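Presented below is the structure to which this report refers.
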Amino acid sequence: MEIRVRFAPSPTGYLHMGGARTAIFNWLYARQRGGKFILRIEDTDKERSTKEAIDAILNGLRWLGIDWDEGPYFQSDYFNIHREWAYNLLREGKAYRCFATEEELENLRKELQKEKKSFKFYPKYRDLDLKESNDMAENGKPFVIRFKVPREKEIVRYVDFIYGEIVKKIEEIEDFVILRQDGTPLYNLSCVVDDIRMNITDVIRGQDHINNTSKQILLYEAFGAKPPNFAHLPLILAKDKSKLSKRKHGEVASLTYYINKGFIPEALFNFLALLGWSPKTNEEYMPKEKLLKLFDIKKVNKSNAIFNFDEKNQKEWTDKKAIWLNAQYISKYPYEKIYPYVKEVLIKNNLWKEEYEKEKKEWFRFAIDSLRTRLHSLNEFATLGKPFFSSEYEINEEALNHILQNKEILNENLVELAEEFFKNENFEIEEIEKTLRDFAERKNIKAGIFIGALRVALTGQKEGIGIFHIIKIIGKEETKKRIEEFSKRYLI
RNA sequence: GUCGCCAUCGUCUAGUCUGGUUCAGGACACCGGCCUUUCACGUCGGCAACAGGGGUUCAAAUCCCCUUGGCGACGCCA
């Protein structure tokens, strides 16, 4: 039988990390078995659903490289069908109209609480004769439709791929509402009806749905359908051990933030896939193909994972392992794969020049390959990389002050050193290095003094890639020019 | 409160099913050495955990029970 999974987010917020991981696991599961991945937007709560949220979800999935075979379906388009199915249950005596008012219910709930019981159903309406129920409805008395949980059964049971056997006592399940007073369907109904209609074979979703699953299985049975397989994923928690959410923990919970922060999609994909699941091979760098080969839904662990970040610390804005993985991808990706991302970032920051893919193609590649070994974010191509693509870069004050300790030496020698560089014929790294070291030796000055000064003069930064790489990338003329300008401005 | 789930280094995790090979392995982070007279690269090394208590057993991180802790669900939200 063909595997069919679905990712069914509700468009009430942006695509968050938990949702993204659910999508990843669904996608991995479907793709490794030649199954279909269906995207369904669960917008049954019209009040809270927004167009922006839908766009964010779609864009987020595309960005992650998660493609879908069907959809996006919008659940609200099928309200009539859901309602029809609910009424079928009503006709068959598997559901009933509950005419209880809010007050009535509240009182009942309070009373039950005194006896330490919780609400399960309202016999008065549950046992109402269908004809009488029809009459009341016709007379305009408002009602909801509740599912009539089969009380003759003892338990509902299913085997979860991850949690194993889950048994729930029938007596603990209330007659839940499936149709609102205004006739719109509720989550449990819509979800089951659509999963049946769409022939979903495997439901992979967050662990917070475990409780719903028992109810949903009852619905499957009422509809005479075979329930799908279920796999409930452990939750992603924040440091305070509560469920990671945008409301509580801010942007770090939202996928959009990672896009803006310069993540490579596959790096985030990799990180998320390893959160709650392990290939058990001691490897961390796992591109999609490898993940596809090794992923096993049944080996996902049961305990929740904590997302370790510190919002107060810039460098730890998200889990450090995620940042580290991103750095891995930036430096290990084949050039062809990293290139489009770099181009995009440079364009966004007005640093892109057409010649980078024409006459300066080779130069550009060398620059990027040198640069990327040190970067943690794509955005750094435009910040730390700026001096290579523009002569307008800022000078780090701390770094400047540091080298100005040797102001006199530099004033006497730096421009002369620049002239020496200029005499280089090939301007290759070894040659540049030799020039500098010979020069320093001749002058009896530590090479380090020049190295530090050159870094500041040429890039304005106190750290970065090797200085000889920097000089080669910046080029003969520009190096000379920058040193001269720097001397005039700071050394005299 | 009720019901359910979970419990190995600070964090992600391997090992738990099939008890001995583990005074518990890897990764991130952290600390130190080397390299670099730059570096958020690289490299080598270090720190660091079986929640607690009872069993069962020749032997328990691994099996059983209890306690504790954490999380989730208890909506005419999804």
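Computed over heavy atoms, backbone and side chain alike; hydrogens, waters and symmetry mates excluded. Since the structure is predicted, the reported quantities are computational estimates derived from the model, not experimental observations. Naming convention: chains lettered A, B, ... in sequence-line order (proteins, then strands); numbering from 1 in each chain.
Comparing the same atom, C1', in B/G70 and in B/C23 gives a spacing of 29 Å after rounding to whole Å. Going from the P atom of B/C65 to that of B/C6 covers 13 Å, rounded to whole Å. With C1' as the reference atom, B/G20 and B/U13 are 24 Å apart, rounded to whole Å. Rounded to a whole angstrom, the distance from the C1' atom of B/G19 to that of B/A24 is 15 Å. Using C1' as the reference atom, B/G46 and B/C28 are 16 Å apart when rounded to the nearest Å. On the C1' atoms, B/C3 is 22 Å away from B/C76, given to the nearest whole Å. Taking atom P on both nucleotides, B/A14 is separated from B/A27 by 15 Å, rounded to a whole Å. Nucleotides B/G25 and B/C50 have their P atoms positioned 13 Å apart, rounded to a whole Å.
Counting non-hydrogen atoms under 4.0 angstrom, A/Y187 reaches a base of the nucleic acid. Across all strands shown, A/K169 has no heavy atoms under 4.0 Å from either base or sugar-phosphate atoms. In this structure, A/G206 reaches neither bases nor backbone, as no heavy-atom distance under 4.0 Å exists between it and the strands shown. Residue contacts shown for A/E42 are limited to sugar-phosphate atoms, with no base heavy atom under 4.0 Å away. At the heavy-atom level, A/K239 lies nowhere under 4.0 Å from the strands shown. At the heavy-atom level, A/G464 lies under 4.0 Å from base atoms of the strands shown. Within 4.0 Å of A/K446, counting heavy atoms only, lies at least one base atom of the nucleic acid. Here A/A305 lies in heavy-atom contact (under 4.0 Å) with sugar-phosphate atoms only. Among the heavy atoms of the strands lying under 4.0 Å from A/E172 are primed sugar atoms or P, OP1, OP2 only; no base atom is included. At the heavy-atom level, A/I323 lies nowhere under 4.0 Å from the strands shown. Nucleic acid contact class of A/V177 (heavy atoms, under 4.0 Å, all strands): sugar-phosphate only.
The base-pairing partner of B/A60, taking Watson-Crick or G-U wobble contacts with both distances under 3.5 Å, does not exist among the strands shown. Under the Watson-Crick and G-U wobble criteria, each requiring two contacts below 3.5 Å, nucleotide B/C3 is paired to B/G72. Applying the Watson-Crick and G-U wobble criteria (two distances, each under 3.5 Å), B/U11 pairs with B/A27. B/U18: no Watson-Crick or G-U partner with both key distances under 3.5 Å is found in any strand.
Regarding contacts with the backbone of B/G15, a side-chain N or O of A/K280 is found under 4.0 angstrom from either OP1 or OP2. Dashed line: the shortest gap from a side-chain N or O of A/R180 to OP1 or OP2 of B/C77 is under 4.0 Å. In terms of phosphate contacts, A/K321 brings no side-chain nitrogen or oxygen within less than 4.0 Å of OP1 or OP2 of B/U13. OP1 and OP2 of B/A78 both lie 4.0 Å or more from every side-chain N or O belonging to A/T12. Between A/K320 and B/C30 there is a side-chain N or O to OP1 or OP2 distance below 4.0 Å.
For B/A78, the base is stacked against the aromatic ring of A/H209, per a cut-off of 5.5 Å between centres and 30° between planes.
Nucleotide B/G72 holds its C1' atom 14 Å from the CD1 atom of A/I306, rounded to whole Å. Note: CD (A/E171) to C1' (B/C3) measures 11 Å, nearest angstrom. One interatomic measurement links the two molecules: CH2 of A/W324 to P of B/U11, which rounds to 19 Å at whole-angstrom precision. Between the P atom of B/A78 and the CG atom of A/N188 lies a distance of 9 Å, rounded to the nearest Å. In this structure, A/H82 places its NE2 atom 12 Å from P of B/A78, rounding to the nearest Å. Distance, A/N308 CG to B/A27 C1': 13 Å, rounded to whole Å. Taking atom CD1 of A/I173 as the reference point, atom P of B/A73 lies 17 Å away to the nearest angstrom. B/U13 atom C1' lies 15 Å from atom CD1 of A/I236, rounded to whole Å.
Of the charged side-chain nitrogens involved, none lies within less than 4.0 Å of a carboxylate oxygen, so that A/R6 and A/D194 do not count as a salt-bridged pair. A/R157 and A/E165 are joined by a salt bridge, as a carboxylate oxygen and a charged side-chain nitrogen come within less than 4.0 angstrom of each other. For A/E478 and A/R482, the salt-bridge test passes: some basic side-chain N is under 4.0 Å from an acidic carboxylate O. A salt bridge links A/R151 with A/D175; the closest basic N to acidic carboxylate O contact falls under 4.0 Å. In summary, A/E251 and A/K261 do not engage in a salt bridge, as defined by a charged side-chain N under 4.0 Å from a carboxylate O.
Residue A/K299 is the one, among A/G466 and A/K299, whose nearest nucleotide of RNA chain B lies closer to the 5' end (criterion: closest heavy atom). Position along RNA chain B of the nearest nucleotide to A/N211 versus A/N282 favours A/N282 as the more 5'-ward residue.
Remark: A/K299 NZ is loosely packed, at most 12 non-hydrogen atoms of other residues, nucleotides or ligands lying under 6.0 Å away. Counting heavy atoms of neighbouring residues, nucleotides and ligands inside a 6.0 Å radius, atom CD of A/E394 does not exceed 12 of them.
Taking only side-chain atoms of A/Y163, from C-beta outward, the nucleotide of B/G75, B/G72, B/C5 with the closest atom is B/C5. For A/Q328, the listed nucleotide lying nearest its side chain is B/G42; candidates were B/G42, B/U11, B/A40. The side chain of A/L275 approaches B/C12 more closely than any other nucleotide in the set B/G72, B/C76, B/C12. The side chain of A/T373 lies closest to B/C41 when the candidates are B/C41, B/C76, B/C6. The A/L186 side chain lies nearest to B/A78 when the options are B/A78, B/C71, B/A40. When the nucleotides B/C76, B/C41, B/U13 are ranked by their closest atom to the side chain of A/N301, B/U13 comes out on top.
A/I432 pairs with exactly one of A/I471, A/I470, A/I467 by the side-chain contact (heavy atoms from CB on, under 4.5 Å) rule, that one being A/I471.
Judged by the 6.0 Å distance and 45° axis criteria, A/R197 is positioned over the aromatic ring of A/Y78.
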